[in-house]
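Taking it in order: structure first as structure tokens, then the write-up.
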Amino acid sequence: MSIKTSEIIHIAKLAKVRLSPEQVNAFTEQLNDIVTYMQQLNELDTSGLPSTFHALENTGLLRKDEVQPGLNIEDVLANAPAHNDRSFIVPKIL
């Protein structure tokens with residue numbers, strides 16, 4: 001499978017991007033190089049390898065979701081410049 005110049009022009013029109021003829025040729029060559037490389041990767045036998053969703057083993061990254069006591073409302077509001085009994089008071093911004 002190779003990318004044709006007409007396909008690059010069509011994609012550029014869809015993206016509403018103007019490309020010069022030199023840019024069209026450059027993109028065609030670059031995308032064909034990428035497709036060729038991907039075809040080489042498809043030739044590898046990966047039947048004996050386990051499927052993975054990430055390249056690295058990520059275990060234990062998240063803590064357990066446990067209920068813990070919250071902060072005391074008086075302690076939270078102690079350093080607030082303005083507050084009522086249960087919340088912060090901030091200036092209105094319109």
Side-chain angles (χ1 to χ4, degrees):
M1 175 184 172
S2 65
I3 306 294
K4 298 175 185 145
T5 305
S6 60
E7 293 172 323
I8 299 296
I9 294 169
H10 179 69
I11 293 169
K13 284 182 184 178
L14 291 175
K16 297 183 180 180
V17 175
R18 292 183 189 154
L19 297 176
S20 67
E22 295 82 19
Q23 290 173 317
V24 171
N25 291 334
F27 282 128
T28 304
E29 288 178 28
Q30 291 170 2
L31 287 173
N32 278 320
D33 290 343
I34 293 170
V35 169
T36 302
Y37 181 70
M38 295 308 292
Q39 287 173 345
Q40 289 176 359
L41 291 177
N42 284 335
E43 293 174 4
L44 294 174
D45 181 22
T46 58
S47 59
L49 299 175
S51 60
T52 59
F53 62 92
H54 198 275
L56 301 174
E57 188 73 27
N58 290 329
T59 58
L61 294 178
L62 301 176
R63 64 174 171 79
K64 291 183 180 179
D65 192 14
E66 298 173 346
V67 177
Q68 298 180 355
L71 299 173
N72 183 349
I73 192 73
E74 290 82 20
D75 293 339
V76 171
L77 296 175
N79 293 324
H83 61 85
N84 60 21
D85 292 337
R86 305 274 311 150
S87 59
F88 296 103
I89 297 175
V90 296
K92 292 182 181 179
I93 298 175
L94 300 175

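The basis for the numbers below is simple: all heavy atoms, side chains too, and nothing from hydrogens, waters or symmetry mates.
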Self-check item: Path from I8 to L14 over hydrophobic side-chain contacts below 4.5 Å
Solution: no
Self-check item: S20 side-chain N/O to Q23 backbone N/O, donor-acceptor pair under 3.5 Å
Solution: yes
Exercise. Please identify each residue that fulfils side-chain contact (heavy atoms from CB on, under 4.5 Å) with D33, with sequence neighbours left out.
Key: none
Quiz item: So, for S47 and D45, which heavy atoms are closest and what is the spacing to 0.1 Å?
Solution: OG-OD1, 2.8 Å
Quiz prompt | More than 12 heavy atoms of other groups within 6.0 Å of L62 CG | solution = no
Exercise. Not counting sequence neighbours, which residues clear side-chain contact (heavy atoms from CB on, under 4.5 Å) with V67? List them please.
Key: none
Quiz item: Can you tell me how far CE of M38 sits from CD of E43, rounded to the nearest 0.5 angstrom?
Solution: 12.0 Å
Self-check item: Within 6.0 Å of CG in N79, more than 12 heavy atoms from elsewhere
Solution: no
Exercise. To the nearest 0.5 angstrom, please state how far the OG1 atom of T5 sits from the CD atom of E29.
Key: 9.0 Å
Quiz item: Atom CD in E7, atom OG in S2: separation rounded to 0.5 Å?
Solution: 7.5 Å
Quiz item: About how many Å separate NZ of K4 and CG of N32, when rounded to the nearest 0.5 Å?
Solution: 10.5 Å
Self-check item: Joint cluster assignment, I34 & L41, ILVMFWY side-chain distance < 4.5 Å
Solution: yes
Quiz item: Under the 4.5 Å side-chain heavy-atom rule for ILVMFWY, direct or indirect, which residues accompany V76?
Solution: L71, I73, L77, F88
Practice problem: Indicate if L19 and I11 have the same hydrophobic cluster label, given that clusters are the connected sets of ILVMFWY residues with side-chain heavy-atom separations under 4.5 angstrom. | Solution: no
